[in-house]
Student: 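I have a structure here, written as structure tokens, and I will follow up with some questions on it.
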Amino acid sequence: MPASAKADAHGGGGEARCRLYLITPPALDPARFADDLGRALDAGDVAALQLRLKDADDDALRRAIDVLRPVAQARKVAFLLNDRADLAVQTGCDGAHLGQTDGSHAAARKLLGPDRTLGVTCHGSRHLAMEAGEVGADYVAFGAFFPTSTKAVEHKAEVGLLEWWSEMFELPCVAIGGITAENCAPLVRAGADFLAVVGAVWNHPEGPAAGVRAMDAAIAEA
Ligand SMILES: Cc1ncc(COP(=O)(O)OP(=O)(O)O)c(N)n1
Ligand SMILES: Cc1ncsc1CCOP(=O)(O)O
Ligand SMILES: [Mg+2]
């Protein structure tokens, strides 16, 4: 997901086209996971992969990045690092995703430069999203839209927020939280540029590749 993510999220004719944004499982063994990841990314259209390992120290993150970044980038899937703009720059990631307690967004923008992506969590808040836009975020992320077992969430977002944002602003918006092939259609119709998912792909009963196919099909049919 380059800085021109909006262009990627839209077809050549200007028609909105929502895309899948995949986030890794909360824990993984990089070498074992690499094959699963490759198969999942080969199964359909995935715009971005976020490495999200909340319990990993810097060494473990660097090892995971070294193994998984080439898997994504070889397939032209943007490789984003959760929480850490500094490490994203040092390790050749395509960008970073920061929450509201993950340090200064303005400092991260500076560190990442114009060519790497900065994504910012905005929960269910118009105000946070406009602030993120002002500091130069490349996308804003709203959620959680549905109950999720991946993370204990404190904030919820309503579908109307996506409608409002996409009518008011060009900056791409990501929807996250409990999104599945079965429940995603209203988010796509409301104007989400990307759907970020963990469980819908990695916990799919027929495996991650089937999870990607199901999400892509649901987005296309919405
Ligand atoms: C695409 C996307 N949206 C939101 C989040 C959540 O970020 P944050 O609020 O910082 O929480 P953690 O993911 O760090 O637990 C995200 N990671 N990705
Ligand atoms: C990281 C994060 N931030 C808000 S909800 C969430 C978890 C999303 O995972 P899932 O797609 O399994 O609900
Ligand atoms: Mg965070």
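Each residue takes its place number in the sequence, starting with 1. For clarity, every value in this text was computed on a predicted model and none was experimentally measured. Side chains included, hydrogens not; waters and symmetry mates left out as well; all remaining heavy atoms used. Both ligands and their constituent atoms are indexed starting at 1 by order of listing.
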Student: Are Ile179 and Val153 linked, directly or through other ILVMFWY residues, by side chains that come within less than 4.5 angstrom of each other?
Tutor: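 Different clusters.
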
Student: Going by the angle between their ring planes, with limits at 30° and 60°, are Trp165 and Phe142 parallel, tilted or perpendicular?
Tutor: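 Correct class here is perpendicular.
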
Student: Is any side-chain N of the basic residue among Arg19 and Asp193 closer than 4.0 Å to the acidic one's carboxylate O?
Tutor: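 No salt bridge links Arg19 with Asp193.
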
Student: What's the atom name of the N, O or S in Asp83 nearest to the Mg ion (ligand 3)?
Tutor: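 Minimum-distance N/O/S atom of Asp83 relative to the Mg ion (ligand 3) is OD1.
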
Student: Looking at Val197, which atoms of ligand 2 are within less than 4.0 Å of one of its heavy atoms?
Tutor: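 In order of number, 11 (O).
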
Student: Is any N or O atom of Gln50, backbone or side chain, closer than 3.5 Å to an N or O atom of ligand 1?
Tutor: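 Yes; at least one N/O pair falls below 3.5 Å.
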
Student: Considering non-hydrogen atoms of the protein only, which is the closest contact for atom 1 (C) of ligand 2, and what is the distance?
Tutor: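 Ranked first by proximity to atom 1 (C) of ligand 2 is Arg52 NE, 3.5 Å.
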
Student: Within the 4.0 Å heavy-atom shell around Thr148, which atoms of ligand 2 are there?
Tutor: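 Counting from 1, the qualifying ligand atoms are 9 (O), 10 (P), 12 (O), 13 (O).
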
Student: Of the listed options (Ile176, Val153, Thr150, Asn82), which comes nearest to atom 12 (O) of ligand 2 when hydrogens are ignored and any heavy atom counts?
Tutor: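 Of the listed residues, Thr150 has the closest heavy atom.
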
Student: Tell me which N, O or S atom from Asp102 is the closest to the Mg ion (ligand 3).
Tutor: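 Restricting Asp102 to its N, O and S atoms, the minimum distance to the Mg ion (ligand 3) goes to OD2.
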
Student: Might you confirm whether atom NZ of Lys54 has over 12 heavy atoms from other residues, nucleotides or ligands at distances under 6.0 Å?
Tutor: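 Above 12, so yes.
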
Student: Please list, in number order, the atoms of ligand 2 under 4.0 Å from a heavy atom of Gly199.
Tutor: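 Within the 4.0 Å cut-off of Gly199, ligand 2 contributes 10 (P), 11 (O), 12 (O).
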
Student: At under 4.0 Å between heavy atoms, which part of Lys54 makes contact with ligand 1: side chain, backbone, both or neither?
Tutor: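 Side chain only; the backbone of Lys54 stays clear of ligand 1.
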
Student: Determine whether a donor-acceptor pair (N or O, by modelled atom type, separation under 3.5 Å) exists between the side chain of Arg109 and the backbone of Gly136.
Tutor: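 Such a contact is found between Arg109 side chain and Gly136 backbone.
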
Student: With respect to Tyr21, which candidate in Leu195, Val77, Leu80, Ile176 satisfies the side-chain contact (heavy atoms from CB on, under 4.5 Å) definition?
Tutor: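 So, applying the side-chain contact (heavy atoms from CB on, under 4.5 Å) to Tyr21 and each of Leu195, Val77, Leu80, Ile176, only Leu80 qualifies.
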
Student: Suppose we measure from atom 5 (C) of ligand 1 to each protein heavy atom; which comes out shortest, and what is that distance?
Tutor: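 Among all protein heavy atoms, the one nearest atom 5 (C) of ligand 1 is His97 NE2, 3.3 Å.
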
Student: Could you find the nearest protein heavy atom to atom 7 (O) of ligand 1 and give me its residue, atom name and distance?
Tutor: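 Heavy-atom neighbour on the protein nearest atom 7 (O) of ligand 1: Thr121 OG1, 2.9 Å.
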
Student: For atom 9 (O) of ligand 2, tell me which residue out of Thr180, Leu195, Val198 has the closest non-hydrogen atom.
Tutor: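 Closest candidate by heavy-atom distance is Val198.
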
Student: In Å and rounded to the nearest 0.5 Å, what is the CG to CG distance from Asp216 to Asp45?
Tutor: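 Between Asp216 CG and Asp45 CG, I get 5.5 Å after rounding to 0.5 Å.
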
Student: Below 3.5 Å, N or O to N or O, backbone or side chain included: is there any such pair between Arg52 and ligand 1?
Tutor: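 By distance alone, the answer is yes.
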
Student: Under a 4.0 Å heavy-atom limit, does Thr101 contact ligand 1 with its side chain, its backbone, both, or neither?
Tutor: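 For Thr101, no heavy atom sits under 4.0 Å from ligand 1.
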
Student: For the hydrophobic clusters of this structure (ILVMFWY residues joined by side-chain heavy atoms under 4.5 Å, transitively), does one cluster hold both Leu128 and Val120?
Tutor: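 Different hydrophobic clusters.
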
Student: Could you list which atoms of ligand 2 come closer than 4.0 Å to a heavy atom of Lys151?
Tutor: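 Here the atoms of ligand 2 in question are 1 (C), 2 (C), 3 (N).
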
Student: So for His155, does at least one of its heavy atoms come nearer than 4.0 angstrom to any atom of ligand 2?
Tutor: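 His155 does not count as a contact of ligand 2 under the 4.0 Å cut-off.
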
Student: Quick check: Asp102 and ligand 1, any N/O pair under 3.5 Å apart?
Tutor: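 N/O-N/O distance below 3.5 Å exists for this pair.
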
Student: Does the residue Tyr21 have a heavy-atom contact with ligand 1, meaning some pair of atoms that are separated by less than 4.0 Å?
Tutor: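 Right, Tyr21 reaches ligand 1.
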
Student: Can you report which non-hydrogen protein atom sits closest to atom 11 (O) of ligand 1, along with the distance?
Tutor: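 Result for atom 11 (O) of ligand 1: Lys151 NZ, 2.7 Å.
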
Student: Students often mix this up, so state it plainly: with edges at 30° and 60°, are the rings of Phe169 and Trp164 parallel, tilted or perpendicular?
Tutor: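 Rings of Phe169 and Trp164: perpendicular, over 60°.
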
Student: Would you indicate whether the side-chain heavy atoms of Leu49 and Leu37 approach each other to under 4.5 Å?
Tutor: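 Yes, close enough: below the 4.5 Å cut-off.
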
Student: Look at the side-chain heavy atoms of Ile, Leu, Val, Met, Phe, Trp and Tyr, link any pair under 4.5 Å apart, and say whether Val89 and Phe79 land in one connected group.
Tutor: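 In one cluster with Val89: Phe79, no.
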
Student: With a sphere of 6.0 Å drawn around CD of Gln90, does it hold more than 12 non-hydrogen atoms of other residues, nucleotides or ligands?
Tutor: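 Atom CD in Gln90 is crowded, with more than 12 foreign heavy atoms closer than 6.0 Å.
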
Student: Using a 4.0 Å cutoff against the non-hydrogen atoms of Asp83, which atoms of ligand 1 qualify?
Tutor: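 In order of numbering, the contacting atoms are 10 (O), 14 (O).
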
Student: Is it the case that over 12 heavy atoms from other parts of the model lie below 6.0 angstrom from the CG atom of Asp55?
Tutor: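 No - once you tally the heavy atoms of other residues, nucleotides and ligands closer than 6.0 Å, there are 12 at most.
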
Student: So, 4.0 Å and heavy atoms of Gly178: is ligand 2 close enough to count as a contact?
Tutor: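 In this structure, Gly178 qualifies as a contact of ligand 2 - some heavy atom is under 4.0 Å.
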
